[in-house]
Amino acid sequence: MQYISTRGGGEPKTYSEALLEGLATDGGLLVPEKLPEVDAATLEGWRALTYPELATEVLGLFATDIPRDDLAALCLAAYSPDVFAAAVPLRPIGGGITLVGLSEGPTLAFKDMAMQFLGQALEYALERTGGVLNIVGATSGDTGSAAEHALRGKDRVSVFMLSPQGRMSPFQRAQMYSLQDANVHNIAVEGVFDDCQNLVKDLAGDLDFKRAQHLGAVNSINLARITAQVVYYFWAWLRATDAVPAAERTGFEVSFAVPSGNFGNILSGFFARGMGLPVRRLVLAANENNVLDEFFRTGVYRPRSAAQTLATSSPSMDISKASNLERFIYDLVGRDPQRVVAAWNDLAATGSFDFTADRPRFAEEFGIVSGTSTHEDRLATIRAVHAQSGTIIDPHTADGVKVAAEFVEDGVPMLVLETAKPEKFGETITEALGIELPLSDELQALLAAPQRVVEIANDEAVLRGIITASALH
């Protein structure tokens, strides 16, 4: 399996090379030369597998340069009971909707599912090459803590994580800034997530600096993150169809609703569907920063400025430039790199690009539909789900449930991908339900722990100086 850039430049890469590279050298994103295919018999043959075993099978279709026994060991380490409290449980909440429990990991957020594998795989690849890697990432809330907890204390990897000042919940800040490991560097940038993401892309685009400082990425521009997330779509389909009579399972469709900011999580579902998983709808749920919803409803992609990007009660989705949309556009234009480059040239020149003519294909060909949820929707959904099922959901998952309800169909299970545990967003839960969620002694200690963070202006030169001074070589 080889990986190529959406913009047509550079040589094809192996999985391990793509893992270490992050952003492609031409500024594009790496994608599989061809998606692997999974037939119905193979899918049914995976039904009895544990989660680490399923991860080995699915990731083995992508990571063909990693020996199978080694890959199995990486997956076993990433998804052990010591790391995850439960193996992705499915929880019905009524109204034809079921939650897919993805936040059983160390940072109580779905990002752990991919990041724990990424941490294992990065260390493995670097040990094989004798190299080091300095991860430069941007987070709107959960990516940063998941990356830092997966990579903390590793000898060959350091992490420089950019976060927007004052834009994350106190819990999210504590999970990141309380880490005291020497290889973890927290940098709070004056601005919004998109400012942080732009700084990361600018550094990745400077190939001389990238090579000199051994820079890599853990944001969902890293293809390994996307492939690791593909696994839980297959797992969720298998668990959702366990009760379906065996004779009726082939082609049995489910829909997935995905709270989305950077388009990485739902892109993994797009890949799973392209591999042959019977997915009827991929429901994109946006918050008030609904640039992606606007695109899938109108065909026009028009990112907002930092000043226009709102601070909301689902902060991990406070994003207006969705990095992974480029991977979808690549397939939309028939995998023509020239048309991708043209679209991004239009974006740079005019602030938007227009695929209005292709809009009917979004749902008909690719199964993608979308909707927006607001703060009031969030509160109402948290209340309704709690009243109906006794389950308390976090604000991002509430966005997913609210939009999912608009697309529920008879006979088609609607699976909402959980974003995080509600404890991470206690203020919103209190506003919605009038209760304070009890925190374990461990979580209380986390919130009280001393924090270590460097605050900077939105200044690329300052960031370069910090990295140059502290990078591994």
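Residue numbers count from 1 along this sequence.
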Pair H149-Q116, side-chain hydrogen bond (donor to acceptor under 3.5 Å, both in side chains): steps then yes or no: CA-CA 8 Å; H149 282 259; Q116 285 294 319; over 6 Å; no

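- Looking at S103 and E418, their side chains do bring a donor and an acceptor atom within 3.5 Å of each other.
- A salt bridge is absent between E326 and K321; no separation between the charged side-chain nitrogens and carboxylate oxygens falls under 4.0 Å.
- Residues forming a salt bridge (Lys or Arg N to Asp or Glu O under 4.0 Å) with R225 (at least two apart in sequence, or on another chain): none.
- Side-chain contact annotation: Y15 with T227, donor-acceptor N/O pair under 3.5 Å present.
- The existence of a salt bridge linking R304 and E294 is excluded, since no basic side-chain nitrogen approaches an acidic carboxylate oxygen closer than 4.0 Å.
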D394/T419 under side-chain hydrogen bond (donor to acceptor under 3.5 Å, both in side chains): CA gap, chis, key distance, verdict: CA-CA 7 Å; D394 84 281; T419 299; 4.7 Å; no

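- Remark: D331 does not engage R327 in a salt bridge, criterion side-chain N to carboxylate O under 4.0 Å.
- Between Y177 and S163, some side-chain heavy-atom pair lies under the 4.5 Å cut-off.
- At a cut-off of 3.5 Å, with distance as the only test, no side-chain donor of N324 or N262 sits close to an acceptor on the other residue.
- Just one of F84, Y79, F234, F117 meets the ring pair (Phe, Tyr, Trp, His ring centres under 6.0 Å) condition when paired with Y51; it is Y79.
- Aromatic rings of W237 and F256 (six-membered ring for Trp) have centroids beyond the 6.0 Å cut-off, not under it.
- Under the side chain to side chain contact (heavy atoms under 4.5 Å, CB included) test applied with L415, the options V258, V279, V100 reduce to a single match, V100.
- Side chains of S268 and Y232: a donor-acceptor N/O pair is absent below 3.5 angstrom, by distance only.
- A salt bridge links E365 with R361: at least one charged nitrogen is closer than 4.0 Å to a carboxylate oxygen.
- Taking 4.0 Å as the cut-off between side-chain N and carboxylate O, D293 and R297 count as a salt-bridged pair.
- There is no side-chain donor-acceptor pair under 3.5 Å between S145 and E148.
- Between D399 and K402, no side-chain nitrogen of the basic residue sits less than 4.0 Å from a carboxylate oxygen of the acidic one, so the salt-bridge criterion is not met.
- Here the two rings, on F355 and F362, have centers that are 6.0 Å apart or farther.
- Note on D142 versus K424: salt bridge recorded, some NZ/NE/NH1/NH2 to OD/OE distance being below 4.0 Å.
- For the 3.5 Å distance criterion, the side chains of N134 and S158 qualify, holding a donor opposite an acceptor.
- Because its NZ or CZ atom is both nearer than 6.0 Å to the ring centre of F209 and within 45° of the ring axis, R464 counts as a cation-pi partner of that residue.
- Closest approach of A306 and V192 over heavy atoms only: CB-CG2, 3.6 Å.
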